[in-house]
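Chain naming here is simple, since letters A, B, ... match the order of the sequence lines and numbering starts at 1 in each.
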Protein chains: 2
Amino acid sequence: MTFSRPVEDEVDRLVAAWKQERPDLDVTPLEVLSRVSRLSRHLERERRAAFASHDIESWEFDVLTALRRAGEPYELSPGALLRATLVTSGTMTNRIDRLAAAGLVTRRPDPEDRRGVLVRLTPAGMHRVDTAFADLLRRERELLAGLEQHEQQALAALLRTLLVPFDTSDGAAH
Amino acid sequence: MTFSRPVEDEVDRLVAAWKQERPDLDVTPLEVLSRVSRLSRHLERERRAAFASHDIESWEFDVLTALRRAGEPYELSPGALLRATLVTSGTMTNRIDRLAAAGLVTRRPDPEDRRGVLVRLTPAGMHRVDTAFADLLRRERELLAGLEQHEQQALAALLRTLLVPFDTSDGAAH
DNA sequence: ACGATTTATCTCGACGTCAAGATAACGGAG
DNA sequence: CTCCGTTATCTTGACGTCGAGATAAATCGT
């Protein structure tokens, strides 16, 4: 059995400072949520660096992977894409415009709903995303190397509990 | 003893879709990291909503809390602030400008280093941040209500492990 | 059929962030 | 004391996102 050494991260210091300044408040929620926010920020930087070598940007990747995951014929509506990526509709329109200009997706009217359009991955987009994704997974595995398999599973399960309420009630962007 | 029901979040669906489309890849890193990113995004929305009622914005809060935590005399350099908030120097300059214009902080030259300046919380800024912080903690506690105390502690510990490498090697923004 | 409501997407202006570079001052080596 | 690399902050321009509103079509109740 290994005992955890007193290794501190920035959040430990942050919480200690609050206890000093506002001993009347219970700041334990920060132990979890502040770490989530900060880790996410660090991850975003890592992603950006990882993608730089593949000539792809973070936001492009998010959209292309959603289409890639959808499977044949790699086609989704803008609405489905914005729900998958947690951005607003204006943002998604803009993203699709730029991806189409880059030849990574095409846009065509939905034959079954004349309000809608369908966004489809091109072969070029497919190749781009598959290459970048493999590399991303490799780098992410390294970031998790500090945790045992079972710890990763436990962490995933705990995070899922927090996430379910958001993903159940419609967390759709407008 | 309670058995966990098969409650799914969006990441479960996302991982399942990848296994279908790319059975050759091991996508388990996403179980953790994708949840961190998505949860952070949801949290940011919650924060924005919470702050709306206090006439304060998310980015303002981040800067003001850093100063508040610092304790008497509630004064830090821009450099310290950008390290605390994980933004770049240009962003921080801009933020301080706007906070100063709003009368929530003041800026004065550092008497000991003529390159530097010191940013200090005003009484108005202090009041603003203390009110908003109490409310934020209340809301965050609700978000964590789905987890027992010991689960929250376990989650915090696991996240710390992932965070330490970033916070140890200088994760400073430029 | 008709009108009201909902849904899907796009338009546009305001805003915050980033990245790179400019400026100025510090601090150690010789 | 001077040179030079480093550090601290600010400036600037490009860019991506948001949020509110516009447009158009589908859906539902009567």
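Scanning atom types as modelled, one donor and one acceptor separated by under 3.5 angstrom connect the side chain of B:Arg115 and the base of D:dT7.
Closest to the side chain of A:Asp113, from the set C:dC26, D:dT9, D:dA25, is D:dA25.
Per the geometry, CZ belonging to B:Arg45 stands 12 Å off C1' belonging to D:dG19, to the nearest Å. In this structure, B:Leu82 places its CG atom 10 Å from P of C:dC18, rounding to the nearest Å. Rounded to an integer number of Å, the gap from CD of A:Glu44 to P of C:dT17 is 14 Å. Separating the CG atom of A:Asp110 from the P atom of C:dT7 is a distance of 17 Å, rounded to the nearest angstrom. Taking atom CZ of B:Arg114 as the reference point, atom P of D:dC10 lies 17 Å away to the nearest angstrom.
Residues B:Asp62 and B:Thr85 approach most closely at O-CG2, 3.8 Å, considering heavy atoms. Of all the heavy atoms in B:Leu64 and B:Ile56, the pair that sits closest is CD1-CD1, 4.1 Å. In terms of heavy-atom proximity, B:Val11 sits nearest to B:Glu31 at CG1-CA, 4.3 Å.
Along DNA chain D, the nucleotide closest to A:Glu57 and the one closest to A:Glu112 are compared, and the more 5′ of them pairs with A:Glu57.
Pairs of residues two or more places apart, or lying in two chains, that qualify as ring-ring contact (aromatic ring centres under 6.0 Å, His included) and include a residue from residues 125-154 of chain B are A:Trp18-B:Phe133.
If you chain together hydrophobic residues whose side chains sit under 4.5 Å apart, A:Trp59 and A:Val129 fall into the same group.
When the side-chain nitrogen and oxygen atoms of A:Arg48 are compared with OP1 and OP2 of C:dA19, one or more of them lie within a distance under 4.0 Å. Distances shorter than 4.0 Å separate some side-chain N or O of A:Arg107 from OP1 or OP2 on C:dC10. Side-chain nitrogen and oxygen atoms of A:Arg41 include at least one within less than 4.0 Å of the OP1 or OP2 phosphate oxygen of C:dC18.
Ion pairing between a basic and an acidic side chain is recognised when a charged N comes within 4.0 Å of a carboxylate O; A:Arg68 and B:Glu21 show such pairing. A salt bridge links B:Glu75 to B:Arg108: one of the charged nitrogens lies within less than 4.0 Å of a carboxylate oxygen.
Side chain to side chain, A:Ser40 and A:Ser37 fail the donor-acceptor criterion of an N or O pair below 3.5 Å. A side-chain N or O of A:Glu44 and one of A:Ser58 form a donor-acceptor pair less than 3.5 Å apart.
Residues of residues 64-78 of chain B having a heavy atom closer than 4.0 Å to DNA chain C: none are found. For the segment residues 91-104 of chain B, residues with any heavy atom less than 4.0 angstrom from an atom of DNA chain C are, sorted by number, B:Thr91, B:Asn94, B:Arg95, B:Arg98.
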